[in-house]
Trainee: 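First the structure, then my questions, so here it is.
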Amino acid sequence: MSDFFKGVRKHIDKLDATHLREQFERVTDALERSETLIHALKEGLVRLDKHGIVVQSNPAARQILGMPPEDILPTLSLPLGKSSKREISLTYPDPRRLELQTIPFDDETIVYVRDITAERARTEEELRAGATRAVCDLAAGVAHEIGNPLNALALNIQMLERDPSDRESLAICKSQIKRLDGIIRDFLAALRPSRPNLAPGSLADPLRDCLATLRAQFEERRIHVTLDVPSSLPSVALDRAQMVQVFFNILKNALEAMRDGGAIAMSISSDDDTVSVKIADSGEGMPPERLAHLFEPYRTSKANGTGLGLMITKRIVGDHGGTIDVESEVGHGTVFTIRLPRLERRIRELK
Ligand code: ADP
Ligand code: MG
């Protein structure tokens with residue numbers, strides 16, 4: 001509230017009718033101005049009360065959503081009273097991509113609606129520019145990495161020249177060649193994302209694979225991890241290795257968001273259309289301004305972060321035909337939800 005309003009409120013008992021009228025006019029004037037402003041915005045703004053009922057919206061919200069906000073917002077089960085960000089696709093009146101951000105405001109929730117169809121195309125451009133920088137960094141890394149195996153190879157080939165029956169040197173040569181192969185493969189994977197190699201499977205498998213590799217780190221940091229998987233889970237089409245990467249990026253961030261122990265609760269569930277994985281951490285959470293730029297490349301709050309993890313994560317989930325949502329509260333934690341289409345559903349769509 002502005003100082004002016006605070007002043008009026010403080011002295012209201014002492015104001016006579018003339019002064020009251022004067023101040024009242026200033027208040028209505030200020031209200032009118034902010035209404036004009038909200039009306040003129042090209043972004044959609046919607047106010048929800050604590051039950052999720054639309055109490056106010058601007059024309060842009062209606063225009064971007066393509067229908068009255070009160071018709072569509074209640075069907076999206078947006079988190080009330082929390083910061084969150086999600087993308088949705090709409091097909092009517094024409095296909096487009098929207099971003100919905102919620103911002104808690106007293107006991108209400110403000111929903112900020114943007115059409116990001118065009119921006120999406122631009123981000124791809126930026127990525128290509130940023131990729132040049134990333135390639136240089138990666139190339140420097142590779143040059144450094146291949147030094148040791150090449151030295152080892154040279155040395156052991158010399159030994160073999162002296163004694164061709166030296167089995168030990170031969171084995172070392174073989175293993176060093178394997179290592180070189182691995183380094184180059186990783187480099188290429190980072191350089192150009194591969195299309196997922198989809199096969200029917202359970203989302204629980206890559207999640208468990210990933211937990212196994214991180215277990216020691218969780219224990220060391222005293223992070224309590226739980227995983228809730230229903231006894232029967234519909235299949236999805238997935239690239240197991242790529243989904244391991246997705247869960248690894250999210251769990252690693254969760255780990256890094258916790259200073260002194262904490263909890264990560266994971267659960268998998270399904271509905272008629274999708275299988276979803278929820279990963280909730282009790283870490284530091286994110287303020288709305290950080291959430292606003294989440295999933296964009298090179299946005300990092302860490303001294304040695306790359307700001308590429310979530311971008312890659314989102315791309316992989318997108319390549320699987322899925323979506324990723326996030327909800328976060330500063331000081332309370334963050335929840336990521338990944339949804340992939342059920343296999344039968346996907347097959348029906350492809351027909
Ligand atoms: P990096 O981890 O290299 O910084 P990411 O793309 O993985 O890059 O994450 C980008 C940023 O998003 C992080 O720097 C952090 O500020 C924020 N972030 C991601 N996950 C979480 C989380 N679980 N809790 C709090 N902040 C997070
Ligand atoms: Mg990360």
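Numbering of ligands and ligand atoms starts at 1, following listing order. Keep in mind it's a predicted model, so treat the numbers as computed, not measured.
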Trainee: Under the criterion side-chain contact (heavy atoms from CB on, under 4.5 Å), I'd like the reasoning laid out for H320 against V236: C-alpha separation, chi angles, the key distance, then a yes or no.
Mentor: CA-CA 9 Å; H320 279 73; V236 293; over 6 Å; no
Trainee: When you compare the side chain of L78 with that of T109, does any pair of heavy atoms fall below 4.5 Å?
Mentor: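 SC-SC contact between T109 and L78 ruled out.
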Trainee: Taking the non-hydrogen atoms of D281, is any one of them nearer than 4.0 angstrom to ligand 1?
Mentor: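 Contact check D281 vs ligand 1: positive.
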Trainee: If you group Ile, Leu, Val, Met, Phe, Trp and Tyr by side-chain heavy-atom gaps below 4.5 Å, do L100 and M67 land in one group?
Mentor: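 Yes.
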Trainee: For ligand 1, find out whether one of its N or O atoms is nearer than 3.5 Å to an N or O atom of E284.
Mentor: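 For ligand 1, there is no N or O atom that lies under 3.5 Å from one belonging to E284.
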Trainee: Using distance alone, determine whether N249 and ligand 1 share an N or O pair under 3.5 Å.
Mentor: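 Not met; the criterion fails.
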Trainee: Thinking salt bridges, do R114 and E43 make one under a 4.0 Å N-O criterion?
Mentor: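 Looking at R114 and E43, the cut-off is not met.
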Trainee: Of all the atoms in ligand 1, which lie at a distance below 4.0 Å from a heavy atom belonging to M286?
Mentor: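 Selected atoms, number and element: 17 (C), 18 (N), 21 (C), 25 (C), 26 (N), 27 (C).
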Trainee: Out of all atoms in ligand 1, which are within 4.0 Å of some heavy atom of R290? Include the element for each.
Mentor: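 That gives atoms 15 (C), 16 (O), 26 (N) of ligand 1.
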Trainee: Taking atom 9 (O) of ligand 1 as the point of reference, which of V326, T300, L251, N253 owns the nearest heavy atom?
Mentor: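 Among V326, T300, L251, N253, the closest heavy atom to atom 9 (O) of ligand 1 belongs to N253.
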Trainee: Does I264 belong to the same Ile/Leu/Val/Met/Phe/Trp/Tyr cluster as V229, with side-chain heavy atoms less than 4.5 Å apart forming each link?
Mentor: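 Both belong to a single hydrophobic cluster.
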Trainee: One thing to verify: whether E284 and R259 come together as a salt bridge, which I'm taking to mean a side-chain N less than 4.0 angstrom from a carboxylate O.
Mentor: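 Yes, R259 and E284 are salt-bridged.
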Trainee: Does A257 approach ligand 1 within less than 4.0 angstrom via side chain, backbone, both or neither, non-hydrogen atoms only?
Mentor: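 For A257, the contact with ligand 1 is made by the side chain alone.
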Trainee: Would you say that V317 contacts L340 through its side chain, given a criterion of any heavy-atom pair below 4.5 Å between the two side chains?
Mentor: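 In contact.
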Trainee: Counting heavy atoms only, which part of T334 comes closer than 4.0 Å to ligand 1: side chain, backbone, both or neither?
Mentor: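 Under 4.0 Å from ligand 1, T334 contributes side-chain atoms alone.
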Trainee: Report the residues that fulfil side chain to side chain contact (heavy atoms under 4.5 Å, CB included) with E70, sequence neighbours left out, ordered by chain and then residue number.
Mentor: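 For E70, the residues satisfying side chain to side chain contact (heavy atoms under 4.5 Å, CB included) (neighbours in sequence not counted) are V54, P68.
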Trainee: Heavy-atom contacts under 4.0 Å between L294 and ligand 1: side chain, backbone, both, or neither?
Mentor: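 Only the side chain of L294 comes within reach of ligand 1.
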Trainee: Around the Mg ion (ligand 2), what protein N, O or S atoms are found below 2.8 Å?
Mentor: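 The answer is N253 OD1.
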Trainee: Measuring from S169:OG to L155:CG, what's the distance to the nearest 0.5 Å?
Mentor: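 It comes to 8.0 Å.
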Trainee: Regarding S84 and T102, is there a side-chain donor-to-acceptor distance under 3.5 Å anywhere?
Mentor: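 Per modelled atom types, S84 and T102 side chains form a pair under 3.5 Å.
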Trainee: Testing T274, D271, D273, D325 for side chain to side chain donor-acceptor pair (under 3.5 Å) with R339, which one passes?
Mentor: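 Result: among T274, D271, D273, D325, D325 is the only option passing the side chain to side chain donor-acceptor pair (under 3.5 Å) with R339.
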Trainee: Any nitrogen or oxygen of L310, side chain or backbone, less than 3.5 Å from one on ligand 1?
Mentor: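 N/O-N/O distance below 3.5 Å exists for this pair.
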